[in-house]
Amino acid sequence: MTITRRRFLEQAGVFATGLLLTETGSAMAHMEAAMSDTVLGPGELTPFVDALPLPPVAKSTGTRANPERKDEQIPYYRIAMREMHVKVHRDLPATRVWGFNDSSPGPVFETRSGEPLLVEWANELPLKHFLPIDYTLHGAGKDVPEVRSVVHLHGGRTPPESDGYPEDWFVPGKSAVNFYPNRQDATALFYHDHAMGINRLNVYAGLQGMFLIRDAVEDALNLPSGKYEVPLVIYDRFLRKDGQLEYPVSPIPGKPWVPEVFGNVVLVNGKAMPYLEVEPRKYRLRILNGSNARFYRLAFEDEHEFHVIGSDQGLLESPVALQRLQLAPAERADVIVDFSKYAGKRMQLASDSLPVMQFRVTTQGAPDTSVLPAKLRAVERIKEKAAVKTRLLTLDEHLNLADQSMDMMLNNTPWHAPITEKPVIDTTEIWEFVNLTEDTHPIHIHLVRFQILDRQRIDTNAFFDSRSLEFIGDVEPASGIETGWKDTVRADAGTLTRIIVPFKGYTGRYVWHCHLLEHEDNEMMRPYEILATEPQKQAND
Ligand code: C2O
Ligand code: CU
């Protein structure tokens, strides 16, 4: 039997005390029932009292042989995951978080396309986790060590053995050396923990950071740079009055997992609702939604227009003017904001009514010689006829009445079932996501970049009854900022979302999954494999 998440949550009593409308428009749980009264109340923290911190730039610690060409030395970074205590707000005691090289978010990597590097990710975390593990989730049982980690470079064209496969986790005292060839266009990538069954907790604890790749096309554009280019890693957290992170738990005994977490405070680069002093000129903001589950609709309070010049996988063909930017978890946006008309003013950036940060525009600054180019980079749209295969893949949610647990799956298939998606290297496929649930799921495929074709609403009941696609709305082709190269796509509720994917780079085993981290940890993730050649037709094919 199929039952919706809302119904499940109501039965479980998770949201007895009120609903919060999320930016996706779906009614979601404000999980007060399951939370202690020590959580900060709305408006309890004064916004915009702390300056925006900038994560340090990662520094290589030496060189090592290039795994692809032993006669060449390439930069080697050692980045350690450690527990630390940081002030996230002026009026709160220091918060326990996990970071990379004593920074959360971790250091920003400054790299160049075509210039490979090695990163040793070292796990120097404590032996006990400080957030509520659900031991009933696949891969998170009592038979494995509590603290484990593996780092994935989201959006990276990375060989499989360096991609951070969820089961390749390692424990405190161990490390893994990953090779990042960087053979891809300039963009902002996202590195974060990916450990099976506890990824949501590790990222919530702070294990995430930004990884920038630059190239000659970007260099030639004369975009705002140096101190006029600012990374913004945005994520929400539940903060308690004592400054500590609260991760909500379900009321079901022994099964603390909850379907989503929406925090009470937005942090940017590790500070709650910070401010940034800017000059009256153009800035380039590299925005990453590092939240477990929250979607943002970022806008300035006076609806000031800004320009998006890039998305997940790099520059758009030309800038897109917007007053409101929607960002799903793990999506990135490269944004140019012109503050020149705002000298002496303060501008708030918010997501609906939720304050994110404030810009304080000074009255004077150095002359602005940067430009907002009309053309950025050629992005050739892939023709549908280039696809050799089309896969119809469902996004599903089910309640198991016996034990009240909730399954979220891709194509109704759990993680550990044999691999079903096996594209052939250097071929192109269309993946069609049929979202049979009541929520938007941001779907991410490792290794590849893809283009969004279109979306169309469907009658989900018709699909449940007969697996037939009955459309109830018009086809909405990708437009605006969704016409660039992507690695994460919003699959909206009751909608068929179609993407076209050239499988390039490496053969081997990767994963694709929902990037709501609570879903990903609870079976909404599948391995896939890129094959070298078309497999022999199976007898039962
Ligand atoms: Cu951002 Cu599989 O990850
Ligand atoms: Cu999901």
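Order of listing sets the numbers, starting from 1, for every ligand and every atom in it. Predicted model, so just to flag it, every value in this text is computed and none were measured.
Taking backbone and side-chain atoms together, H154 has no N/O/S atom less than 2.8 Å away from atom 2 (Cu) of ligand 1. Within the coordination shell of atom 1 (Cu) of ligand 1, defined by N, O or S atoms under 2.8 Å, H152 is absent. Among the backbone and side-chain atoms of H441, an N, O or S atom lies under 2.8 Å from the Cu ion (ligand 2). In summary, H513 places an N/O/S atom under 2.8 Å from atom 2 (Cu) of ligand 1, meeting the contact criterion. Residue contact annotation: H444 places no N/O/S atom under 2.8 Å from atom 1 (Cu) of ligand 1.
For E529, the CD atom is densely surrounded, since the number of other residues' heavy atoms within 6.0 Å is greater than 12.
The Cu ion (ligand 2) lies closest to atom ND1 when only the N/O/S atoms of H519 are considered. Sorting the N, O or S atoms of H194 by how far they are from atom 2 (Cu) of ligand 1 puts NE2 first.
The side-chain tip of R449 points at the ring of W485 from less than 6.0 angstrom away and within 45° of straight on. Taking the ring centre of Y165 as origin, the terminal cationic atom of R509 falls inside the region bounded by 6.0 Å and 45° from the ring axis. A cation-pi contact, defined as under 6.0 Å to the ring centre and within 45° of the axis, is absent between R294 and Y235.
Ring centers of W431 and F503: under 6.0 Å apart, within the cut-off.
Classified by interplanar angle (parallel below 30°, tilted 30° to 60°, perpendicular above 60°), the ring pair H154/H444 is parallel.
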